[in-house]
Amino acid sequence: MASPKVTFLGPMASFSHQAAVETFGDSYELVPCLSFADALAAVQNEEAEYAIVPFENSTNGSVVQTLDLLVDRHGAYSDLEVCSEYYLTVHHCLLARKGLISAERHDYSVITKLYTHPQAWGQCERFLGKTFKGVERQDVSSTSKAGEAVSNTTTEVNAAIASRFAAEHYGLDILEENIEDTANNTTRFLILANKNSKHTSSLHLSPHKKPTSEERPITVSKTKKTLISFMVRQDTLGTLADALIIFKDSGMNLTSISTRPSQIHAWKYVFLVESETDQTREVVPDVMDSLRNVTETCRHLGTWANQLKSRSW
């Protein structure tokens with residue numbers, strides 16, 4: 001019997017791959033995709049059970065590519081919903097081909113170009129400003145792709161910002177570790193499933209990453225999260241306020257509001273609202289009924305257990 005499939009943004013050794021490994025372990029077949037859209041399409045078409053995509057970073061904010069897919073302006077992913085989440089602590093490293101640069105001497109003057117994903121630039125700005133001021137930056141589709149690009153370049157000396165996971169995969173030297181601006185730099189990943197699939201109706205993930213002996217005990221939140229998207233009329237006074245008050249009146253604590261262009265016409269937006277409630281309360285059906293009365297469109301994008309953990313001292 002074939003193993004269930006999980007899609008993620010490839011190539012192998014990306015942070016998305018690392019999150020998939022830590023979340024799903026060896027019991028799933030992990031399938032790299034060329035884009036977030038390809039990862040979601042595989043689940044929409046029931047070619048895979050789950051997709052895991054980055055949603056936001058604690059240092060650099062929302063991943064707009066994921067927001068745009070969740071907005072789903074053309075109905076390409078109408079059967080998908082968020083069923084869980086995973087928090088990955090992100091540590092960036094400076095990587096180069098084996099033997100080209102001495103990590104002990106920290107002489108990086110020979111490096112002519114840096115590669116990484118756009119999100120990583122903002123997460124490592126202090127290190128880059130101090131060490132690589134004026135050096136050309138090349139955007140690539142993932143941090144793993146940055147490692148791959150550097151490993152394949154023989155005509156010049158380049159470096160990548162990627163993970164230790166990527167360094168081991170591509171056989172690169174680690175010149176610097178933990179170059180991110182903040183030590184608790186964390187990316188939250190959303191796990192999406194097809195709501196019509198019988199194989200994904202009851203997901204209860206237990207992350208496969210084993211804690212180290214130095215890590216303190218953790219406490220898991222007792223709340224659940226809900227993600228809803230909607231559009232409001234912009235020619236009527238107070239329509240956004242009317243929509244938001246519904247969440248308050250229903251006892252849903254709003255934790256974030258994101259906006260993306262609707263592409264219907266200029267300056268009209270889709271709002272993505274995330275909220276928390278107690279795990280025992282079932283308020284989403286009533287909230288959606290109320291939203292339909294005050295919005296042009298609205299969609300429930302999923303409800304799942306809050307996986308945010310706090311350390312006990």
Side-chain angles (χ1 to χ4, degrees), residues 7-9 14-20 23 33 35-40 43 51-74 76-77 80-92 116-125 137 139-146 161 163 180-182 184-192 221 223-232 240 243-244 247 252-264 267-276 297-304 306-308:
T7 57
F8 63 90
L9 177 65
S14 64
F15 281 111
S16 293
H17 182 202
Q18 183 178 347
T23 304
C33 294
S35 68
F36 293 137
D38 288 343
L40 268 62
V43 179
I52 182 166
V53 293
F55 183 61
E56 63 177 340
N57 176 265
S58 60
T59 302
N60 211 38
S62 298
V63 180
V64 294
Q65 299 98 318
T66 298
L67 293 181
D68 283 335
L69 291 171
L70 292 172
V71 166
D72 194 20
R73 298 176 183 91
H74 307 293
Y77 315 109
L80 299 192
E81 63 181 6
V82 182
C83 60
S84 191
E85 63 182 7
Y86 182 68
Y87 289 83
L88 176 71
T89 302
V90 174
H91 295 300
H92 290 295
T116 198
H117 185 274
Q119 277 269 331
W121 301 126
Q123 296 171 24
C124 305
E125 198 56 59
R137 299 182 183 185
D139 289 349
V140 288
S141 59
S142 72
T143 54
S144 179
K145 195 70 175 177
I161 296 174
S163 65
E180 62 276 1
D181 290 347
T182 57
N184 62 347
N185 185 37
T186 302
T187 295
R188 178 161 65 118
F189 288 80
L190 297 184
I191 299 164
L192 295 102
S221 173
T223 62
K224 59 186 176 183
K225 295 182 178 180
T226 294
L227 185 64
I228 292 172
S229 66
F230 61 83
M231 281 195 304
V232 297
L240 177 57
L244 295 180
F247 294 92
M252 300 181 79
N253 178 36
L254 295 188
T255 55
S256 71
I257 302 175
S258 302
T259 59
R260 297 302 298 153
S262 67
Q263 297 186 358
I264 296 173
W267 321 124
K268 188 175 182 66
Y269 295 95
V270 179
F271 296 89
L272 292 104
V273 174
E274 190 173 31
S275 60
E276 289 184 13
T297 63
C298 59
R299 180 182 170 193
H300 174 222
L301 295 171
T303 297
W304 64 96
N306 184 0
Q307 297 296 317
L308 185 61

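All of these numbers come straight from a predicted model, not from anything done at the bench. Because only heavy atoms are used, hydrogens play no part in the values below, and waters and symmetry mates are left out as well, while side chains stay in. Nothing fancy with the numbering, it's 1 onward along the sequence.
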In the structure I gave you, are the side-chain heavy atoms of Phe247 and Ile228 within less than 4.5 Å of one another anywhere? yes
So which atom in Ala39 and which in Ala51 form the shortest heavy-atom distance, rounded to 0.1 Å? O-CB, 3.7 Å
Is the closest side-chain heavy-atom distance between Phe8 and Ser14 below 4.5 Å? yes
Contact between Leu192 and Tyr77 at the side-chain level, heavy atoms closer than 4.5 Å - yes or no? no
Identify the heavy atoms of Ser262 and Met231 that sit nearest to each other, and give their distance. CB-SD, 3.6 Å
Nearest-0.5 Å distance that lies between atom OH in Tyr269 and atom CZ in Arg260: 9.5 Å
Least distance between heavy atoms, Arg137 atom then Glu125 atom: NH2-OE2, 3.1 Å
Output yes when a side-chain donor or acceptor of Ser58 lies under 3.5 Å from a complementary backbone atom of Thr186, and no otherwise. yes
Does Glu180 use its side chain to pair, donor to acceptor, with the backbone of His92 at less than 3.5 Å? yes
How many angstroms lie between atom OG1 of Thr303 and atom CD of Glu276, to the nearest 0.5 angstrom? 12.0 Å
Separation of His17 NE2 from Ser144 OG (nearest 0.5 Å): 9.0 Å
Are side-chain heavy atoms of Trp121 and Ile161 found at a separation under 4.5 Å? yes
Is a side-chain donor or acceptor of Asn306 paired with a backbone partner of Thr223 at a separation under 3.5 angstrom? no
Short question: side chain of His117, backbone of Gln119 - any donor-acceptor pair under 3.5 Å? yes
Would you give the length of the straight line joining atom OG1 of Thr259 to atom NZ of Lys268, rounded to the nearest 0.5 angstrom? 13.0 Å
Counting only N and O atoms by type, is there a donor-acceptor contact under 3.5 Å from the side chain of Ser84 to the main-chain atoms of Ile191? no
Could you go through Asn253 and Ser275, starting from their C-alpha distance and side-chain angles, then the distance that decides it, and tell me whether this counts as side chain to side chain contact (heavy atoms under 4.5 Å, CB included)? CA-CA 5 Å; Asn253 178 36; Ser275 60; 5.8 Å; no
For the CG atom of Leu70 and the CG atom of Leu227, what is their distance to the nearest 0.5 Å? 6.0 Å
Applying the side chain to side chain contact (heavy atoms under 4.5 Å, CB included) criterion to Pro54, which one of Leu88, Leu190, Val63, Val90 satisfies it? Val63
Min side-chain heavy-atom separation Phe230-Leu244 under 4.5 Å: yes
May I ask you to check whether Thr116 and Thr143 show a side-chain donor-acceptor distance below 3.5 Å? no
Side chains of Asp38 and Thr7: closer than 4.5 Å at any heavy-atom pair? no
Give me the atom names and distance for the closest heavy-atom approach of Cys124 to Asp181. C-OD1, 3.4 Å
Between the CD atom in Gln263 and the NE2 atom in His74, the distance rounded to the nearest 0.5 Å is 5.5 Å
So, do Arg73 and Asp68 sit near enough that their side-chain heavy atoms are less than 4.5 Å apart? yes
Decide yes or no for Val53 and Leu9: does some side-chain heavy atom of the first lie under 4.5 Å from some side-chain heavy atom of the second? no
Test your reading of the model: is there a side-chain donor-acceptor pair from Glu274 to the backbone of Ser256, 3.5 Å cut-off? no
Check step by step if side chain to side chain contact (heavy atoms under 4.5 Å, CB included) holds for Asp72 and Arg299. CA-CA 10 Å; Asp72 194 20; Arg299 180 182 170 193; 3.4 Å; yes
